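Only one structure is covered here, and it is reproduced in the block below.
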2 protein chains.
Amino acid sequence: MNHRAFKTEINEQFARIAKAIANTHRLELVDLLAQGERSVEELANEAALSIANASQHLQALREAHLIIARKQGLRVYYRLADPTVYQLVQLIRQIAERQLAEVERIIDTYLTERKVLEPVTINELISRLHEPGLIVLDVRPVLEYTQGHIAGARSIPIDEIQQRLHELPPDQEIVAYCRGAYCVFADEAVQLLLSHGYQARRMQQGYPDWKLADLPTETD
Amino acid sequence: MNHRAFKTEINEQFARIAKAIANTHRLELVDLLAQGERSVEELANEAALSIANASQHLQALREAHLIIARKQGLRVYYRLADPTVYQLVQLIRQIAERQLAEVERIIDTYLTERKVLEPVTINELISRLHEPGLIVLDVRPVLEYTQGHIAGARSIPIDEIQQRLHELPPDQEIVAYCRGAYCVFADEAVQLLLSHGYQARRMQQGYPDWKLADLPTETD
DNA sequence: CAAATATTCAATTGATTTATTGAATTATAG
DNA sequence: CTATAATTCAATAAATCAATTGAATATTTG
């Protein structure tokens, strides 16, 4: 048996997976797909890529079987091939947080409130989920809320909060969540809510993390 | 706040981690380092790389802070920066196993016995660890056994098994383990032991997996 | 069946990564 | 202080990856 050939061939396959995810744009695309199925156009818009470029990156992910395509009418819809793919992104982030000082620096630069305002962990939210005075607020676009949200959560997309503040009773505590720890929607929502006298905090992680942990979700 | 700049910068950092691991040789180097600290020369020899090339790949891993260097005398010894780094390799492998048919094909080609001989899972071994008639056999090089091994395991490196068969009582069941699921030492040991009338199986995973699961280990 | 739309494919260019080689650096031993 | 050994650095060529552009394909609509 040729040890060397075996090791080389098998590690080449493992490297295929790692190479597919090892790109700024593809990481963002996977993050978006973790919210649910999306068309190429939607993904291109969200990730600020040209359609052709987005398509190319999606092909790269597809070749590594990290995502699956489904054609319906004119559109091709992509989704994650396996929840483990999102877990991979999570783990990469976790290592980056621990090992790369730059990550903390970037967060401190862009999300100045993060350091001051302690986010609510998933576990904390679980234990408080049935408190009567607590509102769990999904601030992602409505489509994403529709595709799946934390059981019992209300939807007010970040773009609409300003106009819809009256829907939120001022005496209740609000926990806002969005796409994940590196999504800024919840930070912005909390900032706005706090400035209007609400008691508000963000959930540290996002919907995909909640779902991955097999916690109660709803679709509608 | 500039969303786009934040997303780009933060994902660039995450991509750094993924890019560092996304190479055939670097995956092998990390796998070796999961056994314990190694010098550049040892790593180069094991991974069949020139010293300069190995050093270069090690720099790439070091720049992403996935490994740490320690200089002692003439030699530089590298080790994993965090157990999570090995977890990353594990997860990549898990995804590759599930998603890439090639992985199964390669294993079937090189490790023909794997399909027939059911390996012992870590959990199975835990529950049987205190059976009197069971020998847990570490077939890695002695150095690696010395740096850490499954509590109670005996060491006979794969190269020496043939000559040292007499040390193994023929009536006891043997579970052999090595560096990991994609290390062939244990497969070869089991094959040899079976051909000499022993009852032998390999542990599915390797020592780093055992250690990562915080199971009892010994050093000597 | 032609027009319109979403996506992919193909070709090009520039940027990044990899392997190789030999020189430079650092530490030890005599 | 010199010779030796281990590792890193620097320079190069080859290979691979990324972004852009425009053409090609597939599906729907009229």
Side-chain angles (χ1 to χ4, degrees), chain A residues 4 7-9 11-30 32-33 37-79 143, chain B residues 4 7-9 11-30 32-33 37-79 143:
Chain A
R4 182 44 42 200
K7 279 193 190 175
T8 304
E9 285 184 38
N11 278 321
E12 271 166 7
Q13 295 305 317
F14 300 151
R16 267 177 76 188
I17 300 289
K19 279 179 183 162
I21 205 88
N23 172 280
T24 312
H25 301 303
R26 291 198 290 273
L27 278 166
E28 186 170 355
L29 291 171
V30 169
L32 289 166
L33 290 171
E37 219 179 40
R38 286 287 176 291
S39 70
V40 178
E41 196 187 9
E42 290 171 308
L43 291 165
N45 288 340
E46 282 273 11
L49 296 171
S50 74
I51 299 266
N53 197 191
S55 171
Q56 212 164 276
H57 283 298
L58 290 165
Q59 297 312 310
L61 289 167
R62 184 150 74 153
E63 264 167 42
H65 299 267
L66 298 184
I67 62 175
I68 292 170
R70 172 179 77 84
K71 186 151 193 177
Q72 188 180 44
L74 282 180
R75 291 199 172 77
V76 175
Y77 291 90
Y78 283 96
R79 65 176 189 279
L143 176 72
Chain B
R4 180 46 41 202
K7 279 194 189 173
T8 303
E9 284 185 38
N11 278 320
E12 270 167 8
Q13 294 305 318
F14 300 150
R16 267 178 76 188
I17 299 289
K19 279 180 183 161
I21 206 88
N23 171 279
T24 312
H25 301 304
R26 291 198 290 272
L27 277 167
E28 186 169 354
L29 291 171
V30 169
L32 289 166
L33 290 171
E37 216 179 43
R38 286 287 177 290
S39 70
V40 178
E41 194 186 13
E42 289 172 308
L43 291 165
N45 289 338
E46 282 273 11
L49 296 172
S50 73
I51 299 264
N53 196 192
S55 172
Q56 215 165 276
H57 283 298
L58 290 165
Q59 297 313 311
L61 288 168
R62 184 151 72 154
E63 263 167 43
H65 298 267
L66 297 184
I67 63 175
I68 291 170
R70 172 179 76 85
K71 186 147 192 176
Q72 188 179 46
L74 282 181
R75 293 199 172 76
V76 174
Y77 291 91
Y78 283 96
R79 65 177 189 279
L143 176 71

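Bear in mind the structure is a predicted one, so any value in this text is a computation, not a measurement. Labels below follow one simple rule: chain letters A, B, ... track the order of the sequence lines, proteins then strands, and each chain is numbered from 1.
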Hey, which of these two, A:N53 or A:Q72, hits DNA chain D nearer its 5' end, going by closest nucleotide?
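Looking at the nearest nucleotide for each, A:N53 comes out on the 5' side.
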
Take the protein atom [atom1] of [X] and the nucleotide atom [atom2] of [N], then report the distance between them rounded to whole Å.
{"X": "A:R38", "N": "C:dA6", "atom1": "CZ", "atom2": "P", "answer": "17 Å"}
{"X": "B:Y77", "N": "C:dA27", "atom1": "OH", "atom2": "C1'", "answer": "13 Å"}
{"X": "A:L27", "N": "D:dA18", "atom1": "CG", "atom2": "C1'", "answer": "15 Å"}
{"X": "B:L74", "N": "D:dA5", "atom1": "CG", "atom2": "C1'", "answer": "6 Å"}
{"X": "A:L43", "N": "C:dA6", "atom1": "CG", "atom2": "C1'", "answer": "13 Å"}
{"X": "B:E63", "N": "D:dT8", "atom1": "CD", "atom2": "P", "answer": "12 Å"}
{"X": "A:R75", "N": "C:dA4", "atom1": "CZ", "atom2": "P", "answer": "18 Å"}
{"X": "A:L58", "N": "D:dA18", "atom1": "CG", "atom2": "P", "answer": "13 Å"}

Which atom names give the shortest non-hydrogen contact between A:R75 and A:S39, and what distance separates them?
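Closest approach of A:R75 to A:S39: CD-CB, 3.7 Å.
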
Given [options], the nucleotide with the shortest approach to the side chain of [X]:
{"X": "A:V76", "options": "D:dA6, D:dA26, C:dT8", "result": "C:dT8"}
{"X": "A:A52", "options": "D:dT27, D:dA19, D:dT21", "result": "D:dT21"}
{"X": "A:H25", "options": "C:dA19, D:dT27, D:dA19", "result": "D:dA19"}
{"X": "B:I51", "options": "D:dA19, D:dT8, C:dT8", "result": "D:dT8"}
{"X": "A:K19", "options": "C:dA19, D:dT7, D:dC17", "result": "D:dC17"}
{"X": "A:E41", "options": "D:dT27, C:dA6, D:dA18", "result": "C:dA6"}
{"X": "B:Q56", "options": "C:dT8, C:dA27, C:dA19", "result": "C:dA19"}

Quick check: do B:V30 and B:L66 have side-chain heavy atoms less than 4.5 Å from each other?
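Counting from C-beta outward, B:V30 and B:L66 never come under 4.5 Å.
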
Which part of the nucleic acid, if any, lies within reach of B:Y78 when heavy atoms closer than 4.0 Å are counted: base, sugar-phosphate only, or nothing?
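If one applies the 4.0 Å heavy-atom cut-off, B:Y78 turns out to touch the sugar-phosphate alone, with no base involved.
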
Does [N] have OP1 or OP2 sitting under 4.0 Å from an N or O in the side chain of [X]?
{"X": "A:Q59", "N": "C:dT8", "value": "yes"}
{"X": "A:H57", "N": "D:dC17", "value": "no"}
{"X": "A:S55", "N": "C:dT8", "value": "yes"}
{"X": "A:R26", "N": "D:dA18", "value": "yes"}
{"X": "B:N23", "N": "C:dT17", "value": "no"}

Does a donor on one side chain sit under 3.5 Å from an acceptor on the other, for A:Q59 and A:R62?
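A pair is found: one side chain offers a donor N or O, the other an acceptor, under 3.5 Å apart.
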
Side chains of B:R16 and B:Q13: donor-acceptor distance under 3.5 Å anywhere?
yes

Tell me if a side-chain donor or acceptor on B:R26 pairs with a main-chain N or O of B:K19 at a distance below 3.5 Å.
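Confirmed, B:R26 side chain pairs with B:K19 backbone.
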
Could you walk me through whether A:L29 and A:N23 pass the side chain to side chain contact (heavy atoms under 4.5 Å, CB included) check?
CA-CA 10 Å; A:L29 291 171; A:N23 172 280; over 6 Å; no

